[in-house]
Amino acid sequence: MNLAGLNKIEPYCWEIPAVKGEMHSPVHLYGSEPLLASMDEKVREQITNVAKLPGLVGAAMTMPDAHWGYGFPIGGVAAFDPDLGGIISAGGVGFDISCGIRCLRTNLNLADVTSQAERLANTLFQRIPAGVGEEGALKLSILQLDDIMLGGAEWAIRQGYGVQEDLSFIEEHGRIHNAIPANVSDHAKKRQHGEMGTLGSGNHYLEVQVVDRIYDVDAARTFGLKEGQIVISIHCGSRGLGHQIGTEYLVSLAKAASRLGIELPDRELACAPINSPEGQEYLGAMNAAINVALANRQILTHLTREVFNQIFHDSILETLFDVSHNTCKLEKHKVDGKGRWLYIHRKGATRAFGPGHPALPERYKEAGQPVIIGGSMGTGSYVLAGISESENKAWSSASHGAGRAMSRHTAIKQWRGKELIEELASKGILIRTKSLRGAAEEAPGAYKDVDLVAEVTEKAGLAKRVAFLRPKVCIKG
DNA sequence: ATGTGC
């Protein structure tokens, strides 16, 4: 991205001023000069288009890990006011609705896992269904899927997948309201029928990690993290169901936009007013998919506990937190000192509530919300904490991952999956995957530097670093 | 992301 002509308004934020009559608000690009310079021009183009959509409140913005996406850039954040004709867009949520990361802390340390690493990797790979179209042990009827779409992780726990305590540490306490299963097609439900409790493919993973470095001692203590401790991160979403909802509502929202005379700067930005029938319909379906994703990560948590209990007697795996990073959520935020209810699109961006936020569980009230930046295969991840400053800057949002730096196509030409896996094994990182091509697409070199993303996220005032997690075992989709 | 591509 060419930064010439942009205003540097803060040490880690560049502004594209609003063009009168075209954009409702300016664009704010959070990042450092090197991170922004290496981003595709498309990021700038796409987020400028978002600034042209009706009912936008405040700046349209991108997080430091942003990259080119469908319509909205991944790493894009934008707030819309329904009373001002604000819109909702399927491209602004992403196809993998409520894709996110569940992080579990354990009572194990590095030495426990090192001696059992091969067995752990093999058992996890055997027990955690992963890969395109891979089905799990659960086979559900369409009626049961309706219950999942309403109940989320609560449903999963009622079925025996996990413990009540998990719910306190999941966004929305494991279940988002206003899900409308009737707005989800039978086709979408059928696609999900065998896919509950599965990881999926692409950048999804289950990783066993060791806490390698603590940045913030107090927050780490509150989060229950200490150096040398083993944690587990599960990255996945709403699988076939979310994807099918995205595909279908893209068409319905495009029709609504045309019917209502909404000018779309890009047809990929198909959207409808939140207060229109189509907007409401998508919202109900998207919330249903959020619950499916929350239930999915809950089931995977349970499967992970079973594997750990089999290998390590008396192992305890507690939910540290579960964050979603592809959502549109109704939240109350301050605008010019006044509280307003806004629909916040976060596509490839994590909600990052600061200390004292009423939605936080009691345990994290003072420390702020745990924010998880998932790294690329084999490079490590970060746990951060939400800070108050981010409320004014970015509607309490932060980066979600390393963010791609290169297309999948280019990555395949540059790396071979087998060699990558061998190289990582030589560094003591065990990868298990059904797709060598997938591994090549996910080469660490195809992603931005996660250390830099986490550092810049902190310096930009979006969240503060708490701990760095180094990978040991990675089950790839 | 995705029963990866019409």
Side-chain angles (χ1 to χ4, degrees), chain A residues 42 46 65-76 89-102 129-136 138-140 142 145 184-206 234-251 268 270 282 285-286 288-290 292-294 296-297 300 323-328 345-350 374 376-377 400-404 406-413 417 433-442 446-447 475-477:
Chain A
K42 275 277 175 189
Q46 290 191 317
D65 57 336
H67 56 107
W68 180 7
Y70 184 91
F72 267 61
I74 293 157
S89 159
V93 171
F95 276 73
D96 190 3
I97 297 166
S98 196
C99 180
I101 301 182
R102 167 79 67 108
V132 180
E134 180 73 19
E135 301 211 330
L138 283 84
K139 297 285 183 283
L140 301 156
I142 278 182
L145 261 162
V184 178
S185 70
D186 280 352
H187 187 184
K189 294 179 204 175
K190 271 182 199 142
R191 281 186 66 173
Q192 195 61 21
H193 156 258
E195 289 190 338
M196 287 309 296
T198 66
L199 208 50
S201 65
N203 63 4
H204 291 168
Y205 58 78
L206 183 151
I234 303 170
H235 178 206
C236 65
S238 52
R239 307 287 286 108
L241 180 129
H243 189 264
Q244 188 62 29
I245 290 172
T247 306
E248 290 170 16
Y249 277 95
L250 213 56
V251 179
E268 291 186 357
Y282 173 66
M286 182 205 57
I290 289 180
V292 165
L294 296 179
N296 195 30
R297 289 197 285 275
L300 288 165
V323 295
S324 291
H325 48 227
N326 276 2
T327 58
C328 176
H345 288 72
R346 289 191 189 89
K347 180 188 191 180
T350 305
S376 57
M377 184 173 70
H400 81 307
R404 288 201 82 87
M406 189 187 288
S407 73
R408 293 183 177 277
H409 187 75
T410 314
I412 292 174
K413 286 197 274 184
T433 180
K434 286 187 177 131
S435 167
L436 288 177
R437 172 179 158 172
E441 287 179 355
E442 290 292 315
Y447 279 82
I475 309 303
K476 267 307 249 185

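Throughout, protein chains are lettered first and strands after them, A, B, ... in sequence-line order, and every chain is numbered starting at 1. Owing to the predicted nature of the structure, the values given are computational and were not obtained by experimental measurement.
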| Candidates A:Met377, A:Lys476, A:Glu442 - the one meeting side chain to side chain contact (heavy atoms under 4.5 Å, CB included) with A:Thr433 | A:Lys476
| query | Taking NE2 from A:His409 and P from B:dG5, how many angstroms apart are they, rounded to a whole number? | reply | 15 Å
| request: Determine the contact category for A:His187: base if any of its heavy atoms lies under 4.0 Å from a base atom, sugar-phosphate if only primed atoms, P, OP1 or OP2 are that close, otherwise nothing. | output: base
| said: If I take atom OH in residue A:Tyr249 and atom C1' in nucleotide B:dT2, what distance separates them, rounded to the nearest angstrom? | reply: 19 Å
| request: Respond yes when some side-chain nitrogen or oxygen of A:Thr247 is under 4.0 Å from OP1 or OP2 of B:dT2, and no when none is. | output: no
| request: Rounded off to whole Å, could you give me the NZ-to-P distance for the A:Lys434 and B:dT2 pair? | output: 14 Å
| note | Ranking A:Gly438 and A:Arg404 by the position along DNA chain B of their nearest nucleotide, the one closer to 5' is A:Arg404
| said: Please determine whether ring-ring contact (aromatic ring centres under 6.0 Å, His included) holds for the pair A:His400 and A:His235, giving the CA-CA distance in whole Å, both sets of side-chain angles, and the decisive distance to 0.1 Å. | reply: CA-CA 11 Å; A:His400 81 307; A:His235 178 206; 7.5 Å; no
| NA contact type, A:Gly237, heavy-atom cut-off 4.0 Å: base, sugar-phosphate, or nothing? | nothing
| said: Rounding to an integer number of Å, can you tell me how far A:Glu248 CD sits from B:dT2 P? | reply: 16 Å
| field | Donor-acceptor under 3.5 Å (A:Asp65 side chain, A:Gly401 main chain) | value | yes
| note | In whole angstroms, the gap separating P of B:dG5 from CZ of A:Arg408 amounts to 13 Å
| query | Can you tell me how far C1' of B:dT2 sits from NZ of A:Lys190, to the nearest Å? | reply | 19 Å
| request: Looking at every strand, decide which applies to A:Glu195 at a 4.0 Å heavy-atom threshold: base, sugar-phosphate, or nothing. | output: sugar-phosphate
| field | Sequence-distant partners of A:Tyr205, side-chain hydrogen bond (donor to acceptor under 3.5 Å, both in side chains), two or more places apart | value | none
